[in-house]
*Asks:* 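Before we start, here is the structure in question, set down as structure tokens.
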Amino acid sequence: MPESSALFGARASLVSGQVDAVFLFILAIAGFFFVLTQGLLIYFALRYRRKKGEPPAETPYITGNQTMEVIWMVIPSLLLVAIFAYGMFVFIKMTTPIPGATEVQVTASQFQWTFKYQDGRSAANELRLALDQPVKLIMTSRDVIHSLYIPDYRQKQDLVPGRYTYLWLVPKKTGTFDIYCAEYCGTGHSLMRATLIVMPLPEYDKWVQSERQKLKAGVQSPVERGKALFESSGCLGCHSVDGTPKVGPTLKGVFGRQVQLADGRTITADEEYLRESIVEPGEDLVKGFQAIMPPYQATLKDDDLAAVVAYLKSLK
Amino acid sequence: MTTHDPHKGAPVEARLGIWAFLATELLLFGGLFTAYLVFRLEYPELFHREHLRLSRVLGTLNTVLLLTSSLTMATGIAAIRHGRQRTLQIALALTLALAAGFLGIKYVEWSEDFSHGLFPSSNLFFGLYFVMTGLHGLHVILGMTVMVWLLWRARRGDFSAEYNTPVEVTGLYWHFVDLVWIYLFPLLYLIG
Amino acid sequence: MSDEATAATGHEPDYLAQKGFRSWACTHDHKRIGVMYLIATHSFFLIGGILAMLLRLKLLTPGPALMSDHAYNVLFTLHGAMMIFLFIIPAIPSSLGNFFIPLLIGARDVAFPRLNLYSFWIFVVGIVITVASLLQPIDTGWTFYTPYSAQTASAVTALSCGMFLVGMSSILTGLNFIVTIHTMRAPGMTWYRMPLFIWGMYGTSVIQVLATPVIGITFVLLVAERLLGIGFFDPAKGGDPLLFQHFFWFYSHPVVYVMILPAMGIISEVIPVFARKPIFGYKAIAYSALAIGFIGFLVWGHHMFVSGMSTVASVIFSFLTFFVAVPTGIKIFNWIATLYRGSISLDSPMLYALAFIFLFIIGGLTGLFLGSLATDVHVTDTYFLVAHFHYTMMGGTIMGLFAGLHYWFPKITGRMLNEKWAKQAWLFIVVGFNVTFFPMFILGMQGMPRRFSQYPEKYQPLNILATVGSWILFAGIFIMFLNFVRSLRHGARAPDNPWQGLTLEWTVPSPPTVENFETIPTITDWPYGYGKKKRQAK
């Protein structure tokens, strides 16, 4: 269960506490001016209020006051410079490279996050990190601009196609945290979510070992190969495997399912239907969904295609 | 309400108006020039290589045509300030002819580019080239349209030493169009 | 509209007298053009508002209920594009500005009345093309970021063309106002004797003229990319998606000052009249309008702190952004100081003016969190930002517009509004507005990104609160519009000067005659001489 993002004091990452401190600093100054100005506004509006029907009272002919005007130009200016400086310092801290950080490649696509670790493992929509270990995210997008946002960490960075952008993270708390896409990227934008899982280092190392074992096992069954292809091809961007409705139909239990098509027919989702839906998705469109799935004719062929179909059949 | 002194030309409102309009045009083209600058700094090789494909001869010829057309336009304005209707009409006709010549050469250039397989989508240099000269060409056409209307009005005898505001205002616009070309030409054709 | 052909004074017919479609469609009268813009822009306010209500309905639940994600995305794109380009930007300048600039400076019309008419028709054509683009609904968001906007198969090109024309109308209006203000002030009206609304409109017009062409060329480049395949913003062809953002925000930041300066101008007019006191710090307010306009051109990068822009650029933009808070703060302090020891009557124009100040202070202060680099990273592109710009654009500009509409309704229509209804509406609007938008600050701080058609369940309670607020807000606006429509026929006849204002529009009948003034007045003093003793020298 992801932790809820507390307003302040989450301290989930190295910088989140510092960002919150800047926030509170600004809040204090803004709060002071808020009370001052709104207070005077409301007080004057009521205090000098004319009673209904009363003729206007004599008012003093005040057109300005040089002293006051200078004061309320200088003092706010100084405070504003302070806010700027404090914000800048923490920002620079957030964006300064941390030597010795582990690198993780992040690729965003419509509508999936792919994380690839240095040892070649990759995962879709899940980033697993070790507590206290600095990480450098090297990020790019495959299509349009996305933005990786970890609210609990107070960190966010756009992912731009054709170049790399970076995020430096130091997890300071174990647990699960939300990752959202914060730059509108199309229909599936609000469902483009990932999970950050932070484990204590010993547990993390153990987990990495077991993942590597699985990779090294070499002979992968078609279902396992299909799963890997399914994730790396970005399918999770639009299709869930656990029943959650997303941009595209969920694939949980898809094999053998009675599917109602947009043209009114009802068919059974057999191997042929699954194959056709991957290479020519617009052909037999499912009712209630839009024809936005890109065809995989060029990228998934023969054995690969068969493996994906095998994987889909395994999703009960 | 409007003050007009024949010795000082068009009323101040008209002049302020056209200058404000030219400011907007400056920013419009300014955006394109900024894009040019950005891409040129990033791809100096590409720009050098591609700009050589443009015909310097035709570009220079176009520059001469346009500069001359500014001269004829200015002559027309000076003429009507002294009430010389006929001269104005000749000047306008000449300006139109020169502008048409400019467009004609542009047509030749573009057709040649297309026949050599150079399109806006070919690369960033040609993308900028076509959009910049295209937008400029559109402004030339616009100016010509206004001048045709001026010529028609001039033949009707609408203008005089006392009243020639539309001519003067159009003249300023035309000088601006000329000025844009004077920047376009070296940036696109000459500087490698 | 007034049925009688004669105004209160009895001899000259007022500007509404002549009937018939052609008398409106071919008019050169700045007042009629202002009224036509008023109707056009407010129609889009209502449409955009209904879209907002639909969006908030969808957001009652976190899941896929009520409408598809794509439909939601189309709706928020339309809501933003319509509200910004077809309502907020032109609303005050083209309607109230057109109507009142000549009256306030003692002129019979603007410098180029025919151009004024053409601007209106260009605006209409722009609207038609924009609406036509609905045939292939766009879901890019009003900010059209590339590569998405360059790739997506929807009517981006058509919308760009429509917006280009709307922008042209904006430019020509600004141009007209600059020349009018420079050359057509009544004899004796020096720059320092101009009403502050004129200073505000002058600053606005300069920004309109200089900034709008840049969005024009941005649309040209976007269309060129889509139609001609040029890769300005496409990394695969050597282009840069961030270049689009720089171009886009170079205009779209100054444009928020096009939105707020006229509203601030209205506040500067209303407060002295209803407090019976001279405006405090006239020159400071006048200069701050120009300062805001100027600095506004230098800060566009603060929309791009997390875009991949360099740290150096981010630091510079953040620094400059804080500068713009100084002239803004000066205005706020000066308005509040004007209230001090005034004799304040809380009529509806004044209530809206006070609401403006209250809500704009919140909007402005929350801007501090966005201008500061460290905190911006967290709250940008979240509901915090959505709340901030609604507080400034709606709590600010639109409240200012409402203040102006209530203040000047008698002059435009010759009728008084029903004060009770006006105050009722005001209450609903202010309460509804805060209930709708204040929770969004919290939502943003909690991490809810913007443009989310579905959201994690934990954000639901505050979303429900915001939706309920939107119903209250809508009710208030509805009552307000009902008041306008009803008062057109049944409102009490308005005297020339119902509020005892000192600016020139109150010296002519309500509604004014076609020629505005019988004789052009000669000005001998500034228009804020409340409480001035006859013997006291200026």
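In what follows, every chain begins at residue 1, and chains take the letters A, B, ... in the order their sequences are listed. This one's a predicted model, so the numbers in the text were calculated from it and none came from an experiment.
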*Asks:* More than 12 foreign heavy atoms under 6.0 Å from OH of B:Tyr183: is that the case here?
*Replies:*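 Counting other residues, nucleotides and ligands, OH of B:Tyr183 stays at 12 neighbours or fewer.
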
*Asks:* Rounded to the nearest 0.5 Å, how far does CD1 of C:Ile217 lie from OG1 of B:Thr34?
*Replies:*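 Here the rounded value is 9.5 Å.
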
*Asks:* Measuring heavy-atom distances to chain C, does B:Phe21 have an atom under 4.5 Å in its side chain, in its backbone, in both, or in neither?
*Replies:*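 Interface part for B:Phe21: both.
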
*Asks:* Picking from B:Phe126, B:Phe130, B:Phe39, B:Phe119, which has the most non-hydrogen pairs under 4.5 angstrom with chain C?
*Replies:*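 Highest number of pairs under 4.5 Å: B:Phe39.
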
*Asks:* Does atom CH2 of C:Trp142 have more than 12 heavy-atom neighbours, drawn from other residues, nucleotides or ligands, at distances under 6.0 Å?
*Replies:*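 Atom CH2 in C:Trp142 is crowded, with more than 12 foreign heavy atoms closer than 6.0 Å.
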
*Asks:* Is it the side chain or the backbone of C:Phe232 that comes within 4.5 Å of chain B heavy atoms, both, or neither?
*Replies:*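 When you check distances to chain B, atoms from both the backbone and side chain of C:Phe232 fall under 4.5 Å.
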
*Asks:* Which value, rounded to the nearest 0.5 Å, describes the distance between B:Leu27 atom CG and C:Thr212 atom OG1?
*Replies:*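 Going from the CG atom of B:Leu27 to the OG1 atom of C:Thr212 covers 9.5 Å.
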
*Asks:* Counting a contact as any heavy-atom pair under 4.5 Å apart, which residues of residues 173-181 of chain C contact chain B?
*Replies:*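 If one takes a 4.5 Å heavy-atom cut-off, the residues of residues 173-181 of chain C near chain B are C:Leu175, C:Ile178, C:Val179.
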
*Asks:* Compare all side-chain heavy atoms of C:Val220 with those of B:Leu28 and state whether any distance is below 4.5 angstrom.
*Replies:*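 They are not in side-chain contact.
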
*Asks:* Kindly give the heavy-atom pair with the smallest separation between B:Thr24 and C:Val209, and that separation in Å.
*Replies:*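 Looking at all heavy atoms of both residues, the closest pair is CG2-O, 3.2 Å.
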
*Asks:* Could you tell me which portion of B:Leu46 (side chain, backbone, both or neither) has an atom closer than 4.5 angstrom to a non-hydrogen atom of chain C?
*Replies:*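 B:Leu46 has no heavy atom closer than 4.5 Å to chain C.
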
*Asks:* State, to 0.1 Å, how close B:Val131 and C:Ala224 come at their nearest heavy-atom pair, and which atoms those are.
*Replies:*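 In this case the closest contact between B:Val131 and C:Ala224 is CG2-CB, 4.0 Å.
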
*Asks:* Are C:Leu221 and B:Leu32 close enough that some pair of their side-chain heavy atoms sits under 4.5 Å apart?
*Replies:*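 In contact.
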
*Asks:* What part of B:Tyr43 gets closer than 4.5 Å to chain C, counting heavy atoms only: side chain, backbone, both or neither?
*Replies:*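 B:Tyr43 touches chain C through side-chain heavy atoms alone.
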
*Asks:* Please classify the contact of C:Ile520 with chain B as side chain, backbone, both or neither, using a heavy-atom distance under 4.5 Å.
*Replies:*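 Contact with chain B is absent: no heavy atom of C:Ile520 under 4.5 Å.
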
*Asks:* Sort C:Leu210 into side chain, backbone, both or neither according to what part of it lies under 4.5 angstrom from a heavy atom of chain B.
*Replies:*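 Both backbone and side chain.
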
*Asks:* Between B:Leu124 and chain C, which part of the residue has a heavy atom less than 4.5 Å away: side chain, backbone, both or neither?
*Replies:*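 For B:Leu124, the side chain is the part near chain C, not the backbone.
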
*Asks:* Evaluate the side-chain proximity of B:Leu16 to C:Thr183: yes if any heavy-atom separation is below 4.5 Å, no if none is.
*Replies:*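 With C-beta onward as the side chain, the pair touches.
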
*Asks:* Is it true that, when you exclude C:Phe294 itself, more than 12 heavy atoms of the residues, nucleotides or ligands shown sit nearer than 6.0 Å to its CZ?
*Replies:*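 Atom CZ in C:Phe294 is not crowded, with 12 or fewer foreign heavy atoms closer than 6.0 Å.
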
*Asks:* For the CZ atom on B:Arg153, are there more than 12 heavy atoms of other groups (residues, nucleotides or ligands in this structure) within a distance under 6.0 Å?
*Replies:*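 Yes, because the 6.0 Å sphere around CZ of B:Arg153 holds more than 12 heavy atoms from other groups.
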
*Asks:* Considering only heavy atoms, which portion of C:Leu228 lies under 4.5 Å from any heavy atom of chain B: side chain, backbone, both, or neither?
*Replies:*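 It is both, since atoms from each part get that close.
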
*Asks:* Give me the atom names and distance for the closest heavy-atom approach of C:Gly229 to B:Ser121.
*Replies:*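 Minimum heavy-atom separation between C:Gly229 and B:Ser121: O-CB, 3.4 Å.
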
